Trainee: 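I'd like to ask you about the structure that follows.
All values derive from a computational prediction rather than experimental measurement.
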Amino acid sequence: LDRPPDVLWSLTPAGPNTWYAGAGPDGRLLRLTLAGDKLTSTVWADLAEDHVQALAVLADGTVAAGSSPGGVLTLLREGRPVARASLGAD
């Protein structure tokens, strides 16, 4: 990462020793990996909204990310959006 996020809003497991973290105020979705005693983080996706506040990994590996402002739900595969819906909430 070029700089750490100001806030981590959400965290969900993504497999053995791997997690996704939703951050703000830059709308980044991070992939955290633990190898031994070393934790690394990479930007897995960049969303248009400022805050990634909810995450879930679906059965097929798709990641559902809820972000604000605007109450947007984005489905991502391999770090790329495949569907996006504005829920009109804040």
Side-chain angles (χ1 to χ4, degrees):
L1 293 175
D2 55 345
R3 64 178 178 77
D6 291 344
V7 178
L8 290 179
W9 288 109
S10 52
L11 183 68
T12 193
N17 298 321
T18 306
W19 299 265
Y20 291 119
D26 50 16
R28 292 188 290 180
L29 202 162
L30 308 175
R31 182 179 173 99
L32 309 174
T33 305
L34 182 63
D37 63 350
K38 184 176 180 183
L39 181 67
T40 58
S41 61
T42 57
V43 177
W44 189 73
D46 247 326
L47 300 183
E49 294 71 41
D50 297 336
H51 301 278
V52 182
Q53 294 178 306
L55 292 171
V57 178
L58 307 180
D60 68 355
T62 299
V63 175
S67 56
S68 68
V72 176
L73 177 63
T74 305
L75 298 180
L76 302 113
R77 291 192 189 118
E78 303 196 17
R80 291 184 299 247
V82 295
R84 179 180 157 87
S86 176
L87 305 175
D90 203 20

Trainee: Starting from Val57, can I reach Leu29 by hopping between I/L/V/M/F/W/Y residues whose side chains sit under 4.5 Å apart?
Mentor: yes

Trainee: Atom CZ of Arg80 and atom CG of Leu75: how far apart are they, to the nearest 0.5 Å?
Mentor: 14.5 Å

Trainee: Only one of Val82, Leu58, Leu55 forms a side chain to side chain contact (heavy atoms under 4.5 Å, CB included) with Val63, so which one is it?
Mentor: Leu55

Trainee: Counting only heavy atoms not in Asp60, do more than 12 fall under 6.0 Å of its CG?
Mentor: yes

Trainee: For the atom pair OG1 (Thr74) and CZ (Arg84), what is the distance rounded to the nearest 0.5 Å?
Mentor: 5.0 Å

Trainee: Is it true that Leu76 and Val52 fall in one hydrophobic cluster, defined by side-chain heavy atoms closer than 4.5 Å?
Mentor: yes

Trainee: Determine whether Leu73 and Tyr20 fall in the same hydrophobic cluster, where Ile, Leu, Val, Met, Phe, Trp and Tyr are linked whenever their side-chain heavy atoms lie under 4.5 Å apart.
Mentor: no

Trainee: Hey, what do you get for CG (Leu32) to OG1 (Thr42), rounding to the nearest 0.5 Å?
Mentor: 8.0 Å

Trainee: Applying the 4.5 Å side-chain criterion to the ILVMFWY set and letting contacts propagate, would Trp19 and Val43 be lumped into a single cluster?
Mentor: yes

Trainee: Any heavy-atom pair between the side chains of Asp50 and Pro69 that's under 4.5 Å?
Mentor: yes

Trainee: Report whether Leu39 and Leu11 are members of the same hydrophobic cluster (ILVMFWY, side-chain heavy atoms less than 4.5 Å apart, transitive linking).
Mentor: yes

Trainee: Please find the pair of heavy atoms, one from Asp46 and one from Asp26, that lie closest to each other, and give the distance.
Mentor: OD1-O, 3.8 Å

Trainee: Taking all non-hydrogen atoms of both residues into account, name the closest pair between Ser10 and Ala54 and its distance.
Mentor: OG-N, 3.8 Å

Trainee: Let me confirm one number: the OG-CZ distance from Ser41 to Arg31, rounded to the nearest 0.5 Å.
Mentor: 12.0 Å

Trainee: Look at the rings of His51 and Trp9 and say which category their plane angle falls in: under 30° parallel, 30 to 60° tilted, over 60° perpendicular.
Mentor: perpendicular

Trainee: Restricting to non-hydrogen atoms, name the atom on Gly79 and the atom on Pro81 that form the minimum distance, rounded to 0.1 Å.
Mentor: O-CD, 4.2 Å

